[in-house]
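Here is the structure we will look at.
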Amino acid sequence: MDWAEFAQRMAAMARDLLAQSSVGDTLERITASATELVEGCDEAGILMLHGTEVRSLAPTAPLVVDSDQAQGNAGEGPCFDAVRSGEGERVFRIADLTTERRWPAYTPRARALGVGSMMGFLLFTEDEELGALNLYSRRPGAFTETSELAGWLLASHAAVAFSSARTQAQMEQAVATRHVIGEAMGILMGSHRLTEEQSFAVLRRYSQENNLKLREVARRVCEQGGLS
């Protein structure tokens with residue numbers, strides 16, 4: 001490994017990640033960078049867990065989605081375990097799936113998919129855990145200690161970029177939500193001669209009575225000119 005060249009490519013990747021326009025674009029750049037920068041990595045993806053539901057984000061190939069789904073169905077697997085247990089290993093490296101015995105329900109499926117070896121990193125910042133970045137090779141023994149260090153460095157940058165992109169997206173959504181609620185309140189105030197407090201109370205009451213999010217109620221008012 002030429003670490004000087006690796007450092008230059010990592011710096012370029014970090015700048016590239018911050019230049020992406022959406023969370024999805026950021027994640028796709030992260031997984032693409034893994035295949036470019038980590039020796040032995042053929043495919044990559046990010047696994048997130050919501051309850052028992054497994055989500056595959058920015059997979060570079062169907063193999064990644066199939067592997068994530070197999071782990072979700074089996075309720076076991078290295079990527080699944082990394083995300084499910086925040087107190088567990090933050091890094092895993094499986095040299096050879098053909099001899100792995102820890103996940104008897106998942107491992108045969110992984111071998112059938114053509115996975116030879118795997119490596120993964122829990123994406124986390126000081127404030128939150130964001131899922132796991134998982135790397136796949138089609139041949140056994142592809143990942144070395146050097147690969148693991150390179151992957152860990154990439155994952156550290158990736159976690160910060162992922163968190164930043166998600167925070168930005170949440171802020172933009174909050175601004176958009178406030179805008180549409182304000183517009184809906186204006187419509188109700190004009191059509192029913194309500195005060196700001198009264199118009200907001202109407203939106204909130206409709207939201208509660210119909211089990212709808214407030215922004216969805218506001219969107220309906222904006223589209224329909226009122227609440228039917």
Side-chain angles (χ1 to χ4, degrees), residues 1 5-6 9-10 12-14 16-17 20 22-50 53-84 89-100 102-103 105-124 129-159 161-162 165:
M1 172 72 79
E5 179 185 355
F6 179 82
R9 296 177 70 185
M10 282 288 292
M13 182 206 72
D16 192 24
L17 288 178
Q20 300 305 309
S22 69
V23 174
D25 289 345
T26 300
L27 298 183
E28 288 178 2
R29 193 70 198 96
I30 289 170
T31 53
S33 295
T35 64
E36 297 165 3
L37 296 175
V38 180
E39 187 176 280
C41 179
D42 294 322
E43 308 297 348
I46 294 170
L47 182 147
M48 296 190 72
L49 194 63
H50 293 272
E53 178 189 357
V54 169
R55 293 182 59 196
S56 299
L57 305 182
T60 60
L63 176 150
V64 177
V65 179
D66 293 340
S67 173
D68 288 348
Q69 194 59 55
Q71 292 183 76
N73 292 339
E76 65 175 36
C79 314
F80 187 85
D81 290 352
V83 175
R84 183 172 54 183
E89 293 293 328
R90 294 189 181 273
V91 179
F92 71 83
R93 174 160 54 99
I94 303 170
D96 190 347
L97 262 292
T98 63
T99 59
E100 182 58 57
R102 278 177 290 178
W103 302 283
Y106 165 70
T107 305
R109 177 58 178 157
R111 290 198 296 264
L113 290 171
V115 180
S117 49
M118 297 173 62
M119 190 163 58
F121 308 87
L122 189 64
L123 297 175
F124 66 98
E129 292 177 0
L130 303 161
L133 172 65
N134 302 304
L135 281 53
Y136 295 84
S137 176
R138 292 185 173 84
R139 61 183 178 87
F143 296 125
T144 64
E145 290 184 5
T146 299
S147 301
E148 184 175 320
L149 177 56
W152 178 80
L153 290 169
L154 185 150
S156 299
H157 281 76
F162 184 7

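This chain uses plain numbering: 1 for the first residue, then up along the sequence.
In this structure, CG in Leu153 is found 5.0 Å from CZ in Phe6, a value given to the nearest 0.5 Å. Atoms CD1 and OG1, from Ile94 and Thr107 in turn, are 7.0 Å apart once rounded to the nearest 0.5 Å. Taking SG of Cys79 as the start and CE of Met119 as the end, the distance is 11.5 Å to the nearest 0.5 Å. Atoms CE and OG, on Met118 and Ser67 in that order, are 4.5 Å from each other to the nearest 0.5 Å. Taking CD1 from Ile30 and CG from Leu123, the interatomic distance works out to 7.0 Å, rounded to the nearest 0.5 Å. To the nearest 0.5 Å, atom CE of residue Met48 and atom CG of residue Asp68 are 12.0 Å apart.
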Item to complete: Could you check Leu122 against Val91 for side chain to side chain contact (heavy atoms under 4.5 Å, CB included), going step by step and ending with a plain yes or no?
Response: CA-CA 6 Å; Leu122 189 64; Val91 179; over 6 Å; no
Worksheet item: Are Val115 and Arg138 close enough, and set up right, to give a side chain to side chain contact (heavy atoms under 4.5 Å, CB included), and what steps lead you there?
Response: CA-CA 5 Å; Val115 180; Arg138 292 185 173 84; over 6 Å; no
Worksheet entry | Stepwise side chain to side chain contact (heavy atoms under 4.5 Å, CB included) check, Gln71 with Arg109 | CA-CA 9 Å; Gln71 292 183 76; Arg109 177 58 178 157; over 6 Å; no
Item to complete: Just do the salt bridge (Lys or Arg N to Asp or Glu O under 4.0 Å) check on Glu76 and Arg102 with the steps written out, would you?
Response: CA-CA 9 Å; Glu76 65 175 36; Arg102 278 177 290 178; over 6 Å; no
Worksheet item: Does the pair Asn134 and Val64 meet the rule for a side chain to side chain contact (heavy atoms under 4.5 Å, CB included), with working shown?
Response: CA-CA 8 Å; Asn134 302 304; Val64 177; over 6 Å; no
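Looking at Ser56, its side chain never comes within 3.5 Å of a backbone N or O of Pro59 through a donor-acceptor pair. Arg9 places a side-chain N or O within donor-acceptor distance of the main-chain N or O of Glu36, the cut-off being under 3.5 Å. When atom types are taken as modelled, the side chain of Glu100 and the backbone of Asp96 share no donor-acceptor pair closer than 3.5 angstrom. Judged by distance alone, with hydrogens and angles left aside, the side-chain atoms of Arg29 form no donor-acceptor pair with the main-chain N or O of Gln20 at under 3.5 Å. Although no hydrogens or angles enter the test, the distance criterion places a donor-acceptor pair under 3.5 Å between the side chain of Thr31 and the main chain of Ala58.
Among residue pairs with one or both ends in residues 142-151, those qualifying as side chain to side chain donor-acceptor pair (under 3.5 Å) are Arg93-Glu148, Thr144-Ser147; sequence neighbours excluded.
A pairwise comparison of heavy atoms in Ala142 and Ser137 identifies CB-OG, 3.0 Å as the closest pair. Taking both residues in full, the closest heavy atoms of Ala155 and Phe121 are given as CB-CB, 3.6 Å, listed atom of the first, atom of the second, then distance. Residues Pro78 and Tyr106 come closest through the heavy atom pair CD-CE2, 3.8 Å. Here the shortest heavy-atom pairing between Ala110 and Leu97 reads CB-CD1, 4.1 Å. Taking both residues in full, the closest heavy atoms of Val54 and Gly72 are given as CG2-CA, 3.6 Å, listed atom of the first, atom of the second, then distance.
For Ser156, the side-chain contact (heavy atoms from CB on, under 4.5 Å) test picks out Trp152, with sequence neighbours left out.
A 4.5 Å side-chain heavy-atom check between Met10 and Leu37 finds at least one atom pair inside the cut-off. In this structure the side chain of Val65 never reaches within 4.5 angstrom of the side chain of Pro62, judged on heavy atoms. In this structure the side chain of Asp42 never reaches within 4.5 angstrom of the side chain of Thr35, judged on heavy atoms.
The local environment of CZ in Arg55 is sparse, with at most 12 non-hydrogen atoms from other residues, nucleotides or ligands closer than 6.0 Å.
Between the side chains of Thr60 and Tyr136, no donor N or O sits under 3.5 Å from an acceptor N or O.
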